[in-house]
> 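First the structure, which I've put down as structure tokens, then a few questions once you've had a look.
Numbers here simply count residues along the sequence, with the first being 1. The shown structure was predicted, so the numbers you read here are calculated from the model rather than taken from an experiment.
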Amino acid sequence: MERDSMQAPLCTSNIDVITAIRDRRSIRRYTAESVDEATLHCILQAGLAAPTAMNRRPFHFVVLRERDTLAQLAAGKKYAWMLSDAPCAIAILGDKAIENRPEHLYADCFAATQNMLLAIHALKLGGVWIGVSVDSEWYELLQEVLKLPENIIPTAVISLGHPAEARPVPDTWEPEKIHYETWQGK
């Protein structure tokens, strides 16, 4: 795509952010309907709006739509099977030349990943975060298939599309996981 076509689109949703956070579920099954460009741009803009350490913004995104590529990546990892039927995926990559502290690079890329997952949900699509373990066979496959330069590392992949499943919203309130001031609390 040309740079001009990537200008930030005007994105709207009827879901407030708290509802999106609470109700978002991992969706792994999709219809065959494609994700239109305007919607994809909204999702990418959400990723680009993520907070980063010292505003370094080390993330890059590769949009994947080619069936052969999605099938190859799905076959490369047991828990990436949903890519084989997804109309779209986004690889979230970190640039080590911009952010050389791994803990910050991953935190920044994961903030972008979560922003995109929330946007996907708010836009009435479904998506799931697929983790990338450092130096795993899938990590190496992503580097090869996406033709990544040495300083660019894969951190996550989001599979997305129009949902072909609905997942219930569980009660996630666990007061035993909340602590005040110290581990024991007051």
> Between His179 and Lys177, what is the shortest heavy-atom contact and its length?
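In terms of heavy atoms, the two residues are closest at CD2-O, 3.5 Å.
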> Which value, rounded to the nearest 0.5 Å, describes the distance between Arg24 atom CZ and Thr19 atom OG1?
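Those atoms lie 14.5 Å apart.
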> List the steps, then state whether side-chain contact (heavy atoms from CB on, under 4.5 Å) holds for Tyr30 with Glu165.
CA-CA 7 Å; Tyr30 316 102; Glu165 67 177 338; over 6 Å; no
> Could you tell me the separation between the CE atom of Met116 and the SG atom of Cys42, rounded to the nearest 0.5 Å?
13.0 Å
> State the CD1-CD1 distance between Ile120 and Ile27, to the nearest 0.5 angstrom.
11.0 Å
> Should the pair Glu37-Arg65 be classified as a salt bridge under the 4.0 Å nitrogen-to-oxygen rule?
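Between Arg65 and Glu37 there is a salt bridge, with a charged N closer than 4.0 Å to a carboxylate O.
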> Indicate every side-chain donor-acceptor pair of residues 139-156 with a distance under 3.5 Å to a residue at least two apart or in another chain.
| residue | atom | partner | partner atom | Å |
| --- | --- | --- | --- | --- |
| Asn151 | ND2 | Asp95 | OD1 | 2.7 |
| Thr155 | OG1 | Ile92 | O | 2.9 |

> Are Glu99 and Arg101 ion-paired here, with the side-chain N under 4.0 Å from a carboxylate O?
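Salt bridge between Glu99 and Arg101, a charged N being under 4.0 Å from a carboxylate O: yes.
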> Please tell me if the side chains of Tyr106 and Thr113 come closer than 4.5 Å, counting only heavy atoms from C-beta onward.
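SC-SC contact between Tyr106 and Thr113 ruled out.
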> Between CG of Leu160 and NE2 of His162, what distance do you get to the nearest 0.5 Å?
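If we round to the nearest 0.5 Å, Leu160:CG and His162:NE2 are 9.0 Å apart.
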> Just to verify, what does Trp129 make a ring-ring contact (aromatic ring centres under 6.0 Å, His included) with, not counting sequence neighbours?
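Trp129 satisfies ring-ring contact (aromatic ring centres under 6.0 Å, His included) with Phe110 only.
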> So, taking the atom named CD in Glu66 and the one named CD in Gln72, what distance separates them when rounded to the nearest 0.5 Å?
12.0 Å
> Taking side-chain contact (heavy atoms from CB on, under 4.5 Å) as the test, write out the residues that go with Asp171, two or more places apart.
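side-chain contact (heavy atoms from CB on, under 4.5 Å) check on Asp171 returns Trp173.
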> Would you sort out whether Arg167 and Ser26 count as a side-chain contact (heavy atoms from CB on, under 4.5 Å), showing the intermediate values?
CA-CA 8 Å; Arg167 307 262 326 270; Ser26 293; 4.0 Å; yes
> Please name the pair of heavy atoms, one in Leu40 and one in Cys88, separated by the smallest distance, quoted to 0.1 Å.
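Result for this residue pair: CD1-SG, 4.1 Å.
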> List, by chain and number, the other hydrophobic cluster members for Ile15, where Ile, Leu, Val, Met, Phe, Trp and Tyr join if side-chain heavy atoms come within less than 4.5 Å, directly or indirectly.
none
> Tell me the closest heavy-atom pair linking Ala50 and Ala111, and the distance in Å.
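Scanning both residues completely, I find the closest heavy atoms to be CB-C, 3.7 Å.
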> How does the hydrophobic cluster around Leu118 look, that is, which other residues are in it when side-chain heavy atoms under 4.5 Å mark a link?
Val17, Ile18, Ile21
> Please name the residue in the list Leu64, Ile43, Val157 that meets the side chain to side chain contact (heavy atoms under 4.5 Å, CB included) test with Ile90.
Ile43
> So which heavy atom on Trp138 is nearest to which on Val132, and how close?
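Residues Trp138 and Val132, closest heavy atoms: CZ3-CG2, 3.6 Å.
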> Is any side-chain heavy atom of Arg29 closer than 4.5 Å to one of Asp85?
no
> Looking at residues at least two apart in the chain, or sitting in another chain, which of them share a ring-ring contact (aromatic ring centres under 6.0 Å, His included) with Phe59?
Phe61
> Looking at Pro58 and Thr52, what are the two nearest heavy atoms and their distance?
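Shortest heavy-atom contact: CD-CG2, 4.1 Å.
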> Would you say the side-chain atoms of Arg57 pair up with the backbone N or O of Leu48, donor to acceptor, closer than 3.5 Å?
yes
> I need the minimum non-hydrogen distance between Gly161 and Pro87, along with the two atoms involved.
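Between these two residues, the closest heavy atoms are CA-CG, 3.7 Å.
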> Working to the nearest 0.5 angstrom, can you tell me the gap between Arg28 CZ and Leu83 CG?
11.5 Å
> Would you find a donor on one side and an acceptor on the other, under 3.5 Å apart, between the side chain of Arg67 and the backbone of Ser84?
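Yes, because the side chain of Arg67 sits within donor-acceptor range (under 3.5 Å) of the backbone of Ser84.
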